Every structure is written in structure tokens, then in C-alpha cells.
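Quick note on labels: first sequence line is chain A, next is B, and so on, each numbered from 1. All values reported here derive from a predicted model rather than from experimental measurement.
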2 protein chains.
Amino acid sequence: MKISTKVEFGIVALADIAIYSENGDTVSSADISRRQNISQKYLEQILVALRQAGFIRGQKGSRGGYTLARPASGITFAEILDGLDNNILADTYINDDGSSGDLRETVNSCIWEKLNGYMREFTAKMTLADFIELHRSDSGESEGEFMYYI
Amino acid sequence: MKISTKVEFGIVALADIAIYSENGDTVSSADISRRQNISQKYLEQILVALRQAGFIRGQKGSRGGYTLARPASGITFAEILDGLDNNILADTYINDDGSSGDLRETVNSCIWEKLNGYMREFTAKMTLADFIELHRSDSGESEGEFMYYI
DNA sequence: CTTATTTCCTAGTATGTCAATAGGCTTTTT
DNA sequence: AAAAAGCCTATTGACATACTAGGAAATAAG
């Protein structure tokens, strides 16, 4: 399955904000754009969506930026996906006209809903905090910030 | 997640062929089109894809049609999805240029691959025969062909 | 042998979504 | 007042989806 850049960048942006606002600072879109190598203008649109979905708070003006609206341990992937993409976890089965055949109904109501349920189950269990933890252990256990030299 | 009509119709067509070719007859695209209420011309394209993927055999000419190329109990949903849609079960993560940030790599390599794995696991377990069984018990246990009257 | 039937192949088209790019307005701090 | 940031809206190119359409090739029936 293809992950859209909107979802990918959204998750990355949330994680970036979580990581770099730990000391109380705000994180600007320019910061994220630079660190994560994402087009700033595109990123801004995604940040607006993340704010509207209630994950982050925006502070306008000089020295402004974003902070998490609630702790990373309370933000699940299911919520993020729902907030950024209204397709990926949606039960899209709508009984159009009632005239569709039996088999078509079984495909949608049984198979697809079940698959969807699995995905929702998995994504509801994982939080943004888990993801950051995963990333930290993934980038090596050592304490050093830079690993270019041994 | 949205199911494409190509996949939906493809599954339905396979099931229809499996059901109506049990006595040895072939099943024509016109038959399926009528029974399942699907545009015949569109269906034909899907049937070609299903044949090229090795699920069905086509017999040209008068009294021709389709039959399953192998037993329904040996055709898994993972195979069908792979045959009809090269996106839905694919690990699309490609390390584009190597310059992408750490977080982006973690999203793709850990989260998405894992989600993908779950989907593949689930769909690899279910066969076309299972689906037909499911559909039969779904449409009521009674033996009668018509249920419009009690 | 001819004709009807069926699969099979290719092209086109309308619609929508994705992934940005771009410009500028609004708010807040310095 | 000016700079820095978020916020809002419009536009665009590329691509995918879901068909429609026309006909060529093969095969069985009469």
C-alpha cells in the first residue's frame, strides 16, 4: 500500500515537534522543514490540518511556532491517520442503491470491513511516544549525537 | 481504506465463475455481467487481468467462457490483490536518494512495513473457497433458492 | 464454409486525487 | 514600525480510476 506524503510528513512533523519542544520551546515550520527536508509551504498546509485535528497548538508572531496540544503518549496512529486522511481507515462501504448483487455485498461487508478492523486495531495501539521511542532505538543505542566518525 | 472497483469486481467475478462452473460449464462475461450487475466491457478487462495472473482460463468462440485454472481453495486473497492491484499489498518503501531524514525512514521502514505485513498475513490466510463459504452462510442457511416469500 | 459467439486487445475520456508551488493576509513579538 | 511567524486560498502538473468504445482473432454451431 502506498503511504501518502501528507501522512508521512504529518507523522514526521508531529514527532519532530514532540522531540524539539521537550524543553518548552516552540517549533516553527521552518525548523521542521530544514531538519526533515520537507518543502516548507507544503508542510504548513499539513500543520494546519494537524492543528485543526487537535494534535498541536500554533503560536503566531515572532518566536512563534508549534507545540503539542496533548502528550505524545496520548496520540495514537489511528487518530493521526483519521486526521490526515479520511480514506485509509474509513469503512467506505455504502449501500449505494440496494440493487447491488449479493457477492458484492459480501466482499464489502465481510472482507473489507474485517481487514479495516485489523488495521484500526493495530494503529490504535501505537502512540506517537512509541514511535519516537522506536526511532531512538532504531538510530543506534549510543549517546553521541553524531555518528559520522567512529 | 477505499476498495477499488477493479479489485471488488475481480473478486466477485472469480467467485461467480467458481460457483457457476461447478458442473463443468464455462461462464461467459455476459453471464457474470448480468448476474452481478457489472458493465460487461469493463468486466472483460478485469477478466483478462485475472487470466494473465493465472487464476482463470478463457475459452474463445461460441459456447466459450471462463473456468478456474486451479481450485478455489488454492487461490488466496493476497494473490488476487497482487494480481489486480500492484499497490495495495506492496512494500512501496524505496530509499529514494539516501538524503531523507531519519524520522522519515522510521515511518516507512517500521510503521508502514509492519502494517503491510499484517494485511498480507490476513489476506494470505483467506482463500476464494473460504469467501464463497462465507457468502453462502451469509445469504441465509435455508435451502430454497428464492426467499422473496415466506 | 459461413456465421454467430465469445474472448482479447487497444485507445480514448471524464473525473478526481496527490503533491506540491505560490501569493498574500493576519497576528504577535521585538 | 518592522520582522517573524502562522494561516488561508488558488492554481497546476502528473497520475490513477472507472469506465466507454471499437474492433480483431479465434472457435464452435449450423
Side-chain angles (χ1 to χ4, degrees), chain A residues 1-13 17 20-21 25-34 36-53 55-69 81 84-88 90 92 96 100 104, chain B residues 1-13 17 20-21 25-34 36-67 69 81 84-88 90 92 96 100 104:
Chain A
M1 191 173 35
K2 203 174 140 197
I3 177 175
S4 69
T5 59
K6 186 177 181 185
V7 168
E8 180 187 347
F9 294 169
I11 293 169
V12 167
I17 293 168
Y20 290 96
S21 68
D25 286 352
T26 60
V27 176
S28 73
S29 66
D31 290 339
I32 305 171
S33 167
R34 186 174 16 82
Q36 306 303 333
N37 197 32
I38 299 170
S39 147
Q40 186 178 348
K41 275 300 195 183
Y42 185 34
L43 182 62
E44 284 176 1
Q45 294 176 24
I46 297 168
L47 288 166
V48 166
L50 288 171
R51 180 182 54 80
Q52 286 169 345
F55 299 121
I56 55 178
R57 257 194 292 267
Q59 163 85 5
K60 283 185 182 176
S62 187
R63 306 291 291 170
Y66 296 94
T67 50
L68 287 190
L81 294 179
L84 291 176
D85 189 312
N86 41 12
N87 251 344
I88 201 155
T92 47
D96 346 300
S100 61
R104 286 169 67 174
Chain B
M1 192 174 35
K2 205 174 137 196
I3 177 175
S4 69
T5 59
K6 187 176 180 186
V7 168
E8 179 186 348
F9 295 168
I11 293 170
V12 166
I17 293 167
Y20 290 95
S21 67
D25 286 351
T26 59
V27 176
S28 74
S29 64
D31 291 338
I32 304 171
S33 167
R34 185 174 17 81
Q36 307 300 335
N37 198 34
I38 299 170
S39 146
Q40 186 178 348
K41 275 299 196 181
Y42 185 34
L43 182 63
E44 284 175 3
Q45 293 176 20
I46 297 169
L47 288 165
V48 167
L50 288 171
R51 180 183 54 80
Q52 285 170 345
F55 300 121
I56 56 178
R57 257 193 292 266
Q59 163 85 5
K60 283 186 183 176
S62 187
R63 307 290 291 170
Y66 296 93
T67 50
L81 293 179
L84 291 176
D85 189 313
N86 42 11
N87 251 346
I88 201 155
T92 48
D96 346 300
S100 61
R104 287 169 67 174

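- Annotation for N37(A) and R104(B): closest pair O-NH1, 2.9 Å, computed over non-hydrogen atoms.
- A13(B) and L47(B) make their closest contact through CB-CD2, 4.2 Å (heavy atoms, listed as atom of the first residue, atom of the second, distance).
- Applying the side-chain contact (heavy atoms from CB on, under 4.5 Å) rule to Q40(B) yields the partners S29(B), A30(B), S33(B), E44(B); only residues at least two apart in sequence or on another chain are considered.
- What separates CG of N87(B) from C1' of dT17(C) is a distance of 13 Å, to the nearest Å.
- Between the C1' atom of dC8(D) and the CG atom of L47(A) lies a distance of 14 Å, rounded to the nearest Å.
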The contact string for nucleotides 19-27 of chain C, one letter per nucleotide 5' to 3', using protein heavy atoms under 4.0 Å with B, S and - for base, sugar-phosphate only and none, comes out as SBBBBB--B
Using a cutoff of under 3.5 Å, can you pull out all pairs of nitrogen or oxygen atoms linking the protein to nucleotides 11-13 of chain D, with atom names and distances?
none

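- When all heavy atoms are compared, the tightest approach of I17(A) to L68(A) is CG2-N, 3.9 Å.
- In terms of the side-chain contact (heavy atoms from CB on, under 4.5 Å) criterion, residue partners of F55(A) (sequence neighbours excluded) are, by chain and number, L14(A), L50(A), A53(A), R70(A), I75(A), E79(A), I80(A).
- One can place CZ of R57(A) at 18 Å from C1' of dA5(D), the figure rounded to the nearest angstrom.
- Between R51(A) and dC8(D), a side-chain N or O to OP1/OP2 separation shorter than 4.0 Å is present.
- Nearest approach of G64(B) to T26(B), heavy atoms of both residues: O-OG1, 3.1 Å.
- Nucleotide dC7(D) holds its P atom 14 Å from the CD1 atom of I46(A), rounded to whole Å.
- I17(A) has its CD1 atom 14 Å from the P atom of dA5(D), to the nearest Å.
- Atom CZ in R34(B) sits about 14 Å away from atom P in dT5(C), given to the nearest Å.
- Regarding L84(B), its CG atom lies at a distance of 12 Å from the P atom of dT17(D), rounded to whole Å.
- When the side-chain nitrogen and oxygen atoms of Q59(B) are compared with OP1 and OP2 of dA28(D), one or more of them lie within a distance under 4.0 Å.
- Separating the CG atom of N86(A) from the P atom of dG16(C) is a distance of 15 Å, rounded to the nearest angstrom.
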Distance-only criterion, 3.5 Å: show the donor-acceptor pairs between side-chain atoms of residues 4-12 of chain B and protein atoms not counting sequence neighbours.
| residue | atom | partner | partner atom | Å |
| --- | --- | --- | --- | --- |
| S4(B) | OG | V7(B) | N | 3.3 |
| T5(B) | OG1 | Y42(B) | OH | 3.1 |
| E8(B) | OE2 | N108(A) | ND2 | 3.2 |

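- Partners of R34(A) by salt bridge (Lys or Arg N to Asp or Glu O under 4.0 Å), not counting sequence neighbours, listed by chain and number: D31(A).
- Using a 4.0 Å cut-off, no side-chain N or O of R63(A) falls inside it from OP1 or OP2 of dA5(D).
- Atom OH of Y66(A) sits about 13.5 Å away from atom OG of S21(A), to the nearest 0.5 Å.
- Counting any heavy atom pair closer than 4.0 Å across all strands shown, S29(A) reaches sugar-phosphate atoms only and no base atom.
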